[in-house]
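To start, the structure under review is shown below, and the notes come after it.
In the text below, chain A, chain B and the rest are named by the order of the sequence lines, each starting its count at 1. Remember, predicted model here, so these are calculated numbers, not experimental data.
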2 protein chains.
Amino acid sequence: MVDDVFKALADPTRRRILDELAERDGQSLFEICARLATRHGLGLSRQAISQHLAVLEAAGLVQTRRQGRYKFHDLNTEPLERVMTRWLRPDAPEGTS
Amino acid sequence: MVDDVFKALADPTRRRILDELAERDGQSLFEICARLATRHGLGLSRQAISQHLAVLEAAGLVQTRRQGRYKFHDLNTEPLERVMTRWLRPDAPEGTS
DNA sequence: ACCATATGCAAGTGACCACTTGCCTAACAA
DNA sequence: TTGTTAGGCAAGTGGTCACTTGCATATGGT
């Protein structure tokens, strides 16, 4: 579970996808492909993006909802918050003996 | 730079090492090896751990100081804090129109 | 000087990962 | 039904990664 989150974050393309979804939720696969191509210059195939989305969904970072022949993707930051407090101590501000 | 941090966090052994250093800073390579073996059941070679530490150091997550023939390792969480606020919005607590 | 300790460097190997290509299914429109 | 659009499944490939093995270096003790 935790492993899935970190593995998902390890790839720069997947982080770009998270950026895109953070900026605009509910995009379809083709929308994401188009925006990665036009705005980030990424020339990846549709299947490549689809596989990345599958990894992100397995990690719980992206949730999907089907609607007709479309499949919309939403960002879910909850796994990030849960996983990142691991080494960040509850900030004892320097004077806590 | 950012890529190095996420790549470093992608491996479970490296995360264990960060756990160890979070609990006790300033351990040498052999100390880390011993504690990973006894407390986590990890039977890795010294070189494996050494290479992991090199990755963590390249990411800035671990800082080292030499002292004679010893090399002590310290945790540095600053790259984590800098990198993880990327998708976690500055927590607008629900009533911020 | 000698020897043990603590660490570094380098090549080799097996597994995993990102990406592609090709075909297939499902939904909407004419 | 036929055609088009959105998406899924599966096999293949090149590259990267984690780990090992073997040798080398450096520090400290005696």
Side-chain angles (χ1 to χ4, degrees), chain A residues 1-21 24-38 40-59 61-74, chain B residues 1-21 24-38 40-59 61-74:
Chain A
M1 199 66 213
V2 174
D3 201 78
D4 294 325
V5 175
F6 284 110
K7 284 258 177 66
L9 292 175
D11 187 87
T13 301
R14 285 195 285 269
R15 294 198 296 273
R16 292 281 189 195
I17 294 177
L18 292 183
D19 288 337
E20 274 303 321
L21 292 179
R24 169 134 80 87
D25 245 359
Q27 298 190 53
S28 74
L29 172 57
F30 273 40
E31 283 180 285
I32 296 173
C33 287
R35 291 183 57 145
L36 284 181
T38 61
H40 300 284
L42 287 224
L44 290 177
S45 71
R46 174 181 59 86
Q47 287 80 353
I49 309 291
S50 179
Q51 287 166 6
H52 281 308
L53 285 170
V55 173
L56 289 170
E57 190 174 4
L61 292 166
V62 163
Q63 290 172 340
T64 62
R65 48 194 160 93
R66 278 213 92 113
Q67 198 163 344
R69 54 178 164 174
Y70 299 96
K71 186 179 182 183
F72 299 115
H73 302 77
D74 299 295
Chain B
M1 200 68 216
V2 174
D3 201 78
D4 294 326
V5 175
F6 284 111
K7 284 256 176 68
L9 293 174
D11 188 87
T13 301
R14 285 195 285 268
R15 294 197 296 271
R16 293 280 190 198
I17 293 177
L18 292 183
D19 289 337
E20 275 303 321
L21 293 179
R24 170 136 79 87
D25 244 358
Q27 299 190 53
S28 74
L29 172 58
F30 271 38
E31 286 180 282
I32 296 173
C33 286
R35 290 182 57 144
L36 284 180
T38 61
H40 300 284
L42 286 223
L44 290 178
S45 72
R46 174 182 58 86
Q47 287 80 352
I49 309 291
S50 179
Q51 287 166 6
H52 281 308
L53 285 171
V55 173
L56 290 170
E57 190 173 3
L61 292 165
V62 163
Q63 289 171 341
T64 63
R65 47 193 161 94
R66 277 213 93 112
Q67 198 163 344
R69 54 177 164 176
Y70 299 97
K71 186 178 182 184
F72 299 116
H73 302 78
D74 299 294

Could you please spell out the steps behind the side chain to side chain contact (heavy atoms under 4.5 Å, CB included) verdict for B:Arg16 and B:Leu36? CA-CA 8 Å; B:Arg16 293 280 190 198; B:Leu36 284 180; 3.9 Å; yes
Where B:Ala8 and B:Leu56 come nearest, the two heavy atoms and their spacing: CB-CD2, 4.1 Å
Are B:Leu61 and B:Val55 side-chain neighbours, meaning at least one heavy-atom pair lies under 4.5 Å? no
Would you check if the side chain of A:Arg65 reaches a backbone N or O of A:Asp74 as a donor-acceptor pair within less than 3.5 Å? no
Distance in angstrom units between A:Arg16 CZ and C:dA18 P, rounded: 16 Å
If each of A:Thr13 and B:Ser28 is mapped to the nucleotide of DNA chain C with the nearest heavy atom, which maps nearer the 5' terminus, i.e. the 5' end? B:Ser28
Between C1' on C:dA18 and CG on A:Leu42, what's the gap in Å once rounded to a whole number? 13 Å
Close side-chain approach of B:His73 to B:Gln27, heavy-atom, < 4.5 Å: no
Report the distance from atom CG of A:Leu36 to atom P of C:dA18, rounded to the nearest whole Å. 15 Å
Rounded off to whole Å, could you give me the CD1-to-P distance for the A:Ile49 and C:dA18 pair? 12 Å
Distance, nearest 0.5 Å, that separates CZ of A:Arg24 from CD of A:Glu31: 5.0 Å
Describe the nucleic acid contact of B:Tyr70 in one word from base, sugar-phosphate, nothing, applying a heavy-atom distance below 4.0 Å. sugar-phosphate
Spacing of B:Glu31 atom CD relative to C:dT5 atom C1', expressed in whole Å: 14 Å
Which heavy atom in A:Ser50 sits nearest to a heavy atom in A:Leu29, and how many Å separate them? N-CD1, 3.9 Å
Residue from B:Asp4, B:Asp11, B:Asp3 passing salt bridge (Lys or Arg N to Asp or Glu O under 4.0 Å) with B:Lys7: B:Asp3
For a quick check, with a 4.0 angstrom heavy-atom cut-off, what is the B/S/- contact string for nucleotides 24-30 of chain C, read 5' to 3'? ---BS--
State whether the side chain of A:Arg15 and the backbone N or O of A:Leu9 hold a donor-acceptor pair below 3.5 Å, judged by distance alone. yes
Roughly how many Å is it from CD in B:Gln51 to C1' in C:dG8, rounded to a whole number? 11 Å
Rounded to whole angstrom units, what separation is found between the CD atom of B:Gln47 and the P atom of C:dA10? 14 Å
Taking heavy atoms of chain A and a 4.0 Å limit, find me the 5'-most and 3'-most nucleotide of DNA chain D within that range. D:dT5 to D:dC9
